[in-house]
Amino acid sequence: MNRFRNITLILVLIMITLGALFGVRQMQYSLDRTIEEERLRFTGTVTDAPPAMVFTTVALGSFRGLLADILWLRSESLKGQKNYFEMVQLARWITDLQPNYSGGTVYLAWNLAYNISVTSSDWEDRWYWVNEGIKLIRDKAMVYNPDDPMLYRELSWIYLHKLGNLMDDAHLYYKNQMATQMTNVLGRSLYDLKPLADAPVGKEEFMRLYPEDHPLWQAVREAGYKDYDQLAALFREPVQVALPENLKIRSEYYQALDAHFRAELLRERFKLDPKRMVALDEKYGRMDWRVPESQAIYWAEIGVEKSAANGRVDVNCMRIVTHGLQAAFRSGRVLMIDNDARTFQAVPNLNLADSAYAAFEAAEEEFVASGAGESFRSAKINYLKDAIPLIYIYGNRSKAQEFFEKLQEIDGPQRQRTLDEFVRNHFIEDVRDADVEKATSVVSGLIQRALWELLLGNREVAVYNESMARSIHQLYTQRNRDVRRNQLPEYDQIKYYVINNMLRNLPEAAQRRLIEEIRAQQAEAAGREESGDN
């Protein structure tokens, strides 16, 4: 009897043991799936941490995840205490401890760029925190996870929404700082990135093209400079990035050095590849890389590529590409920045009109099977309604008519049967509740249209367009006088920058003619004022 009972007990214990092993096995499978899905495997080494931190992580081995959890809790407590600078360091350590956990890094970056930045009333401080969030993803997480589309999606969204949108009172400051920094780095290559894209990458490649015995270095030494390293250091020193002013060498040598150092600085500071930038310009049309929308498109495009390589295009990356193109079309060309760090104005980038429409169409076709195609179709219709008036007032009536006909094909006959009626009605309805970017685009577009008519000798049409521009500026200013982030610059200031921008792009003869017409118009206006005829 005792023997039977012992055998039974042993069998029961064996069954319990097998059941426990089976349960552990299933739990292990579940944990493995979670690890793979959340990319939690540690494959690198801890960097940028104090020796005590490095020693602790090595000693803990697989328990480094526990240490990361402790740092997470510490980070949240510091947030409550508003000890933000220590939070930045903790965020970097957490990223080093769990480098493949993209979701955690994204949360930390968002915390810095959104939650912490708005706690400061000083715009310079806000800009610092937004940049820290950007750098955590761009300079840290992407090094560990170069193929993770989520990182590209979230980084591009910060550029498009936090820097490009109007919700933050400091948005003009962000845009000004970004435009100033990019202008500084791009220099004379601002409107032609090809020399930067063609420049050799890295010191080693440059020295292969221009070895020590090359005439370039002989000329550099004769100018009083030692070698590549000294020039590279001097190039980064001044506030205005440039080669030394007294470096008198042949033009082609100077241009080769300048393009190479600028391309290196672009990759180093902003992680932007000039070759990819040129490729995007060729794909979509010349972009102004000083605005956040262009860089949002840059990173979202990489996210689309990475996700496509994994077998499925990330729909949210594609949304940022399309909406980034729409936003860049609407206000993607810098009109005005100056020494006042809070001054920034942008106007439409008409180069992107067709490519933005094509991007919406391609996205609609790409996601028709998943059901997301319908949302891209709706966005395409809204884009056309937004684009037609802007294209019209900037003087391209034939393109506006082409888009108006496309809108009717897709969305059916409009209440306004002609293009002129559609545009007029749009101004009445849209400017009333427009944001500052759209209002600036409309005002500057009408001014530019007036200048073109003036150049063509159509003074009455020019007066009509400028009168409409003044009326819209006045209406918008009155409606938004209490909303700080939506305040427009003075009308004469916008007109000044539009005139200068237009003159830069006209042949000399046309420049002289336009200046004469403007002076004649000003003289007529002064005469009316003296006579009291308004």
Side-chain angles (χ1 to χ4, degrees), residues 113 123-124 126-128 130-135 137-139 155-165 168 170-197 199 235-243 258-282 284-302 324-325 327-349 351-352 437 497 501 504:
W123 289 1
E124 186 176 355
R126 287 195 183 190
W127 174 239
Y128 171 83
V130 172
N131 261 304
E132 286 300 319
I134 288 172
K135 288 191 287 187
I137 297 177
R138 187 191 64 195
D139 301 355
L155 177 61
S156 61
W157 181 249
I158 292 176
Y159 276 109
L160 183 63
H161 183 262
K162 184 64 177 179
L163 274 63
N165 210 310
D168 193 321
H171 75 94
L172 290 178
Y173 183 84
Y174 301 156
K175 294 179 175 73
N176 179 288
Q177 292 298 299
M178 180 175 172
T180 301
Q181 290 175 11
M182 288 296 293
T183 301
N184 193 19
V185 171
L186 292 175
R188 68 179 66 189
S189 302
L190 184 62
Y191 302 107
D192 183 11
L193 294 172
K194 197 74 166 56
L196 272 63
F235 189 84
R236 289 165 167 76
E237 259 188 16
V239 175
Q240 181 63 42
V241 173
L243 289 166
D258 185 77
H260 168 68
F261 285 142
R262 290 189 186 282
E264 290 295 291
L265 207 54
L266 197 61
R267 283 186 284 266
E268 176 188 312
R269 290 189 182 174
F270 302 105
K271 304 300 182 285
L272 298 173
D273 180 4
K275 293 184 187 299
R276 182 179 287 274
M277 294 165 74
V278 168
L280 288 174
D281 280 346
E282 292 173 351
Y284 292 122
R286 179 69 61 80
M287 289 193 278
D288 189 333
W289 290 95
R290 296 172 293 176
V291 299
E293 291 82 2
S294 297
Q295 296 198 31
I297 294 167
Y298 179 97
W299 294 111
E301 273 278 328
I302 300 178
L325 285 166
F329 161 77
R330 194 177 79 171
S331 56
R333 186 164 58 88
V334 175
L335 174 65
M336 176 174 62
I337 52 173
D338 58 30
N339 293 331
D340 179 1
R342 297 164 191 252
T343 301
F344 177 91
Q345 290 297 325
V347 293
N349 184 349
N351 296 325
L352 306 178
E437 288 183 348
Y497 281 101
N501 186 66
R504 282 199 301 268

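All residue numbers in this chain count up from 1 along the given sequence.
E124 pairs by the salt bridge (Lys or Arg N to Asp or Glu O under 4.0 Å) definition with nothing, not counting sequence neighbours. Residues forming a side-chain contact (heavy atoms from CB on, under 4.5 Å) with F270 (at least two apart in sequence, or on another chain): R138, Q181, M182, V185, L266, L272. Under the rule for a side-chain contact (heavy atoms from CB on, under 4.5 Å), the partners of N501 that lie at least two apart in sequence or sit in another chain are R333, L335, R504, N505. Under the side-chain contact (heavy atoms from CB on, under 4.5 Å) criterion, N351 pairs with R286, N349, not counting sequence neighbours. For Y497, the ring-ring contact (aromatic ring centres under 6.0 Å, His included) criterion is met by no residue, not counting sequence neighbours. A346 is linked by a side-chain contact (heavy atoms from CB on, under 4.5 Å) to S331, F344, counting only residues two or more places apart in sequence or in another chain. E132 is linked by a salt bridge (Lys or Arg N to Asp or Glu O under 4.0 Å) to R92, K135, counting only residues two or more places apart in sequence or in another chain. Every residue two or more places apart in sequence or in another chain was checked for a ring-ring contact (aromatic ring centres under 6.0 Å, His included) with Y284, and none qualifies. By the salt bridge (Lys or Arg N to Asp or Glu O under 4.0 Å) test, D258 pairs with R262, sequence neighbours left out. The salt bridge (Lys or Arg N to Asp or Glu O under 4.0 Å) search around D288 returns R290, not counting sequence neighbours. Under the side-chain hydrogen bond (donor to acceptor under 3.5 Å, both in side chains) criterion, W299 pairs with no residue at all, not counting sequence neighbours.
Evaluation of the salt bridge (Lys or Arg N to Asp or Glu O under 4.0 Å) test over residues 178-196, restricted to residues two or more places apart or in two chains, returns K194-D198.
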